[in-house]
Amino acid sequence: MIPTSEYGDGTTVVEGPSSRLYSSSAGRPAFDTGKPLTSDDSKSNPKMAIGEMTRAVDYLSENRPFFVRIGKEGLLSALNKLDQQLHQSGRGKILSSKTPTDWIGRQVSPGCLGLINHGGLPKILTRPGRYPGFPLRNWWAREWCGIRGLSDTVLEFQGLTVVQVSQNQAAVVSDPQNRIFVIKNAGFVAYGIEGTYNVLAIVDQTHLPQTVTDRVTGATLGSVFDVKMASAVGKRSQEYVAAMFLNIPANNCAILQRGDDLELLPAGQHYLTEPNVTLRGLYTLGENQLEMPTKDIFTRDQVPVSLTIYMKWQLLEPLKLATHGYTTPYDALRDKAQSILTQIVAHLDYSSMVKQRSFGPESEDDTDPASPFLDALRTHAMDDLHVAALEYGIVLKDLAVIDRQFKGDIATTMDKLTTRALQAQVEAANVDRENSNKVKQEEGALSVARIKAQALNTKADAEAYSIVAAAKASAERTKIEAEAEAAATRVRAEAEAEAVRVKARADAEVLDSFAREMQFRRTEVQRVGAYGDKTVFVPLEGPAGGLAGSMATGMAAGLGAQKARS
């Protein structure tokens, strides 16, 4: 991992869009960084030209001798153009005039190039086939140097340089005048007459090897890669940075510097090659949070105290921060927070500070008049630090004191006293809590008894109601049964009476005396059968009625005397 500050003095140049420029001459901003630059601003202030530091010249767009860009036609077409330029300038051609055969010799497959060293000059075989050697062909002063592919990324041979980079690749090249340029998603063919084109590196812009992290928060700011070039100085050979590649993730940025001017480089893939442009630093624009311990602060009664505060911030304008000379937002907030807290604590006593330990949302409703520390933090520290952070382009989103440590003999003694007082408060609170629990238990038992009594009353009411309902149902049933039985008796009596009347009417309608006599006899027979053959029937009416009454009376008297004797 490489800290941001390590690249503070690097040699840089940048390709890519730039959002805004910031001049730090005399320590003041050249314009408000919160507003993007316009064309009118650029005309009125030359230092404020948009993308001035990041304007890169396309090396391939300029016409240079013996330098051909590889176009849509491909590498062979570019080699033919370079060969024609060399021929027109009176120099030797690089394309060999040898013709291939199909029976013996060195083989050049389709899609490949054959390399021949002809007396120190390059010769290229472009046509596929076999090329016989000595003595079948003239190979004096010639040496076979191998085969290379037409699609190879780099080909360097006897002063001939071929570079073809694909997507996401970048080639760093040094020309014969030691000027550094970068080729991306293109290619060229060049022949060095007064020097060579040296390919220093082929860079994968997406996966750069060195990761840059914030030394304070540990957040990833981006990745970089330095391409170095060896240079001979006397008898010694030393390396220097020829180009730097940057891969800046989303929501991050970089600050470039040229003299007293600063420029913001947005997220994306960039490379730096200009010697007068340096990388000031990498920054993240996302939210960050950190616990920060402060240095010892003395209260009004000279008791040293160390605070641990929690801060949450977001960097919105990195140019302001870089202008003030800070490499990270934490450095700026740390100095301001230390200064503001020192001013607040210096006006407070130890007894006032020991009342409260924290400052945060949980203590917003604290109405204790003896808490000036928290009141001062709420009314001064948060506001003052927020205003101070805005000067550095930082928005302070949260501030809290999460711990404090008192030091010294006075603090130790007072801490013991405070501890005893707190213990007494805790014990009193525990007694109150126990009493409250007992009261609540009794109230709960009373509530349970009340609920049980209500349940018993409800049950008794239900049982009484069921008994009354059962009695009413039984009485109603008896009444219904009696009424039904009386009705049935009445119906039977009426039926029997009707039967007797019908029978008597039938008997009265019999006119034959013999039939009547026979009926009378049958009735006598039934009566004797019913009462026995020893029964005497006495008429109750007529002349024999008196005699029957006398017989009945005498019989009753005899039965009564017999019962008395017994």
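Being a predicted model, the structure only gives us computed values, none of them experimental.
Under the 4.5 Å side-chain criterion, counting only non-hydrogen atoms from C-beta, V431 is not in contact with E427. Between K472 and V468 the shortest side-chain heavy-atom distance falls below 4.5 Å. In this structure, L390 and V395 have side chains that are in contact, with non-hydrogen atoms separated by less than 4.5 Å. Considering only heavy atoms from C-beta on, L290 stays 4.5 Å or farther from M311 through its side chain. With contacts defined as side-chain heavy-atom distances shorter than 4.5 Å, the pair M229/N178 qualifies. The side-chain heavy atoms of Q269 and N168, taken from C-beta on, include a pair separated by under 4.5 Å. Under the 4.5 Å side-chain criterion, counting only non-hydrogen atoms from C-beta, L246 is in contact with L279. Using a 4.5 Å cut-off on side-chain heavy atoms (C-beta onward), M292 and L333 make no contact.
Using modelled atom types, one side-chain atom of D152 and one backbone atom of G149 make a donor-acceptor pair closer than 3.5 Å. Between the side chain of E442 and the backbone N or O of G444 there is no donor-acceptor pair closer than 3.5 Å. Formation of a donor-acceptor pair under 3.5 Å by the N247 side chain with backbone atoms of S223 is not found in this model. When atom types are taken as modelled, the side chain of R280 and the backbone of A322 share a donor-acceptor pair closer than 3.5 angstrom. Under a 3.5 Å cut-off, the side chain of T489 and the backbone N or O of E485 do form a donor-acceptor pair. Checked by atom type and distance alone, the side chain of N198 never pairs as donor or acceptor with a backbone atom of S174 at under 3.5 Å.
Between the CD atom in Q167 and the OG1 atom in T206 there is a gap of 10.5 Å [rounded to 0.5 Å]. Between the CZ atom of R334 and the OG1 atom of T328 there is a distance of 7.5 Å, given to the nearest 0.5 Å. Once rounded to the nearest 0.5 Å, the distance linking CG of N252 with OG1 of T220 reads 8.5 Å. The OG1 atom of T273 lies 11.5 Å from the CE atom of M244; values are rounded to the nearest 0.5 Å. Taking OG of S166 as the start and CG of N185 as the end, the distance is 7.5 Å to the nearest 0.5 Å. Distance check: L285 CG to E317 CD gives 10.5 Å after rounding to the nearest 0.5 Å.
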Task: Trace of the side-chain contact (heavy atoms from CB on, under 4.5 Å) decision for V182 with F245 - done: CA-CA 10 Å; V182 177; F245 285 82; 4.1 Å; yes
TODO: In sequence, state the C-alpha distance, the side-chain angles, and the governing distance for L321 and I255, and then conclude on side-chain contact (heavy atoms from CB on, under 4.5 Å).
DONE: CA-CA 10 Å; L321 185 66; I255 300 296; over 6 Å; no
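The closest side-chain donor-acceptor pair between S151 and Q164, if any, does not fall under 3.5 angstrom. Side-chain contact annotation: K397 with Q314, donor-acceptor N/O pair under 3.5 Å present. Counting only N and O atoms by type, the side chains of R433 and S436 include no donor and acceptor under 3.5 Å apart. Side-chain atoms of N288 and Y330 include no donor-acceptor pair closer than 3.5 Å.
Residues Y392 and L315 share a closest heavy-atom pair of O-CD1, 4.0 Å. Heavy atoms only, all atoms of each residue included: F225 and Q210 are closest at CA-OE1, 3.9 Å. Of all heavy-atom pairs between L264 and L319, the closest is N-CD2, 3.9 Å. Closest approach of Y271 to K184, counting heavy atoms only: CE2-CD, 3.7 Å. Taking each heavy atom of L60 and A186 in turn, the nearest pair found is CD1-CB, 3.9 Å. Minimum interatomic distance between I70 and V162 (heavy atoms only, all atoms of both residues): CD1-CG1, 4.4 Å.
Ion pairing between a basic and an acidic side chain is recognised when a charged N comes within 4.0 Å of a carboxylate O; K312 and E287 show such pairing.
In terms of the salt bridge (Lys or Arg N to Asp or Glu O under 4.0 Å) criterion, E239 has no residue partners (sequence neighbours excluded).
Within a 6.0 Å sphere centred on CD of E483, other residues, nucleotides and ligands contribute more than 12 heavy atoms. More than 12 heavy atoms of other residues, nucleotides or ligands shown are found within 6.0 angstrom of CD on Q177.
The aromatic rings of F181 and Y59 lie parallel to each other, with less than 30° between the two planes, well short of the 60° mark.
Evaluated for a side chain to side chain contact (heavy atoms under 4.5 Å, CB included) with I340, the options D335, D384, D383 yield exactly one hit, D384.
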